[in-house]
Chemist: 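After the structure tokens below, expect a handful of questions from me.
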Number of protein chains: 2
Amino acid sequence: MTEKEARERFIDSWGTMGALWGINASVARVHALLLLTDGPLSLDEIARHLAISRGNASMSLKELKTWGIIRLVKAPGDRQDYYVTEPDAWRIFFLIARGRKRREFDPLLGVVNETLTAMPKGAGAVPGRIRQLQDLLQTLDWLGEAALANEDRCRTALAMMSKLLGAKKKG
Amino acid sequence: MTEKEARERFIDSWGTMGALWGINASVARVHALLLLTDGPLSLDEIARHLAISRGNASMSLKELKTWGIIRLVKAPGDRQDYYVTEPDAWRIFFLIARGRKRREFDPLLGVVNETLTAMPKGAGAVPGRIRQLQDLLQTLDWLGEAALANEDRCRTALAMMSKLLGAKKKG
DNA sequence: TGCTACATTCAAAATGTATTGAATGTTTAT
DNA sequence: ATAAACATTCAATACATTTTGAATGTAGCA
């Protein structure tokens, strides 16, 4: 495979993955392009490379900015806005995870708690089932909070595990 | 809040959450209804309760069946198909997670590996960046495989952590 | 076999989401 | 103040997904 093909496949894959997980494909593709690019890219260059409109590029960059995973850089004597991605894969991961947890997961946990409160206790299997669901979500919540509150520790712990698992696999 | 309101909120929330994570809202709502229902439900009852067509209900049930999180039950002397949900929240979680990992995550990891292979090593920050991304995905992959291969152990471990964390919070 | 009671399929319609690009805002330089 | 060079917005349009329901398939029963 040529490098060019590989780049295209990466961008497409990233976009597809994004779409499957509720992230707009254009947004994901813009980010993929930035990941594959060393220097800063202008809105124009991004729109041209991905064959999307400037408007779309602008919106996509706006969203990536609100997530905090890209950064605006200015070149002296140049009015254009240039963008670079946050280079650290782990930080990108945490930034996205934190946002989605707050916006999407936390409200669900709230609703499950409410549901359980409003539910009569005696009747059948349902209350126990929802109770167990609450338990599961609560555990995931604690786990998530702990991980997100201690990015560095979480990272280190996972890296250690990774090494151990990698060694195991080889040995 | 009345019980009825709570049930509606739960179903809506489950559907919204599903939609945000790339699961069809009708499918998620059908499952939510089954979670909230003690006995088996027929296709007709489901369509009526959720105010969706029989066709839609049929498709949604089909999808839930392929995921293995609902089960068909037959009543003697009744030709209708009735459905119940897998009652165990953890098993539901694992069944969904396993399927999505295989279908969505694994191919992405493959593409990232290819990208890295096809990429010249010397040039700038990009190869290192993609390398780090590969590392992160690899770690998540190992973690996921380990968890999915040992449902019961994973469950126990998380339950223990949950208790410890819960105790900490109160104490 | 033919009838009945159901489930399933799938083309068409409805709905929802993403994209475009002309119009509008903003900043900088003169 | 004006123009030039850009970014942003948003109404219109294109595209994709979801939903419907009539047509079709299937299994049980007489």
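Per chain, numbering begins at 1; letters A, B, ... match sequence-line order.
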Chemist: Salt bridge or not between B:Arg155 and B:Asp88? Use side-chain N to carboxylate O under 4.0 Å.
Modeler: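 B:Asp88 and B:Arg155: salt-bridged.
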Chemist: Tell me whether A:Phe105 at atom CZ has more than 12 heavy atoms from other residues, nucleotides or ligands lying less than 6.0 Å away.
Modeler: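 Correct, the count exceeds 12.
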Chemist: Does anything in residues 69-84 of chain B come within less than 4.0 Å of DNA chain C? Heavy atoms only, and list the residues if so.
Modeler: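 Contacting residues: B:Arg79, B:Gln80, B:Asp81.
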Chemist: Just checking A:Lys62: does its NZ atom have more than 12 heavy atoms from other residues, nucleotides or ligands closer to it than 6.0 angstrom?
Modeler: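 Open: at most 12 neighbouring heavy atoms sit under 6.0 Å from NZ of A:Lys62.
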Chemist: Given that A:Met59 and B:Arg54 both sit by DNA chain C, which one's nearest nucleotide is further toward the 5' end?
Modeler: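 With A:Met59 and B:Arg54 compared, the 5'-side residue is B:Arg54.
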Chemist: Are A:Phe93 and A:Leu148 co-members of a hydrophobic cluster defined by side-chain heavy atoms under 4.5 Å apart?
Modeler: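 In one cluster: yes.
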Chemist: Atom CG of B:Asn56 to atom C1' of C:dC10: distance rounded to whole Å?
Modeler: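 One finds 13 Å between C1' of C:dC10 and CG of B:Asn56, rounded.
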Chemist: Answer with base, sugar-phosphate or nothing: what part of the nucleic acid does A:Ile52 contact at a heavy-atom distance below 4.0 Å?
Modeler: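 Sugar-phosphate contact only - A:Ile52 comes under 4.0 Å of backbone atoms but never of a base.
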Chemist: Closer than 4.0 angstrom, basic N to acidic O: yes or no for A:Glu145 and A:Arg102?
Modeler: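 Counted as a salt bridge, because a side-chain N and a carboxylate O are separated by less than 4.0 Å.
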Chemist: Along DNA chain D, 5' to 3', what are the outermost nucleotides having an atom less than 4.0 Å from a heavy atom of chain A?
Modeler: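 For DNA chain D, the relevant span reads D:dA4 to D:dC10.
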Chemist: What's the CG-P distance between A:Asp44 and C:dT20, to the nearest Å?
Modeler: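 To the nearest whole Å, that distance equals 14 Å.
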Chemist: Say you draw a straight line from CG of B:Leu33 to CD1 of B:Ile46; how long is it, rounded to the nearest 0.5 Å?
Modeler: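 Nearest 0.5 Å value for the CG-CD1 distance: 6.0 Å.
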Chemist: Taking only heavy atoms on the protein side, list every residue of residues 10-29 of chain A lying under 4.0 Å from any atom of DNA chain D, sorted numerically.
Modeler: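 The stretch gives none, as no residue of it lies under 4.0 Å from the strand.
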Chemist: Rounded to the nearest 0.5 Å, how far apart are NZ of B:Lys121 and CG of B:Leu116?
Modeler: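 Taking NZ in B:Lys121 and CG in B:Leu116, the distance rounds to 5.5 Å.
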Chemist: Tell me whether B:Arg54 at atom CZ has more than 12 heavy atoms from other residues, nucleotides or ligands lying less than 6.0 Å away.
Modeler: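 Incorrect, the count does not exceed 12.
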Chemist: Answer yes or no: does atom CE of A:Met1 have more than 12 heavy-atom neighbours from other residues, nucleotides or ligands under 6.0 Å?
Modeler: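 Result for CE/A:Met1: enclosed.
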Chemist: Indicate yes or no for a side-chain donor-acceptor contact from B:Arg129 to the backbone of A:Thr37 under 3.5 Å, with no hydrogens or angles considered.
Modeler: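 Checking the backbone N and O of A:Thr37 against the side chain of B:Arg129, a donor-acceptor pair under 3.5 Å is found.
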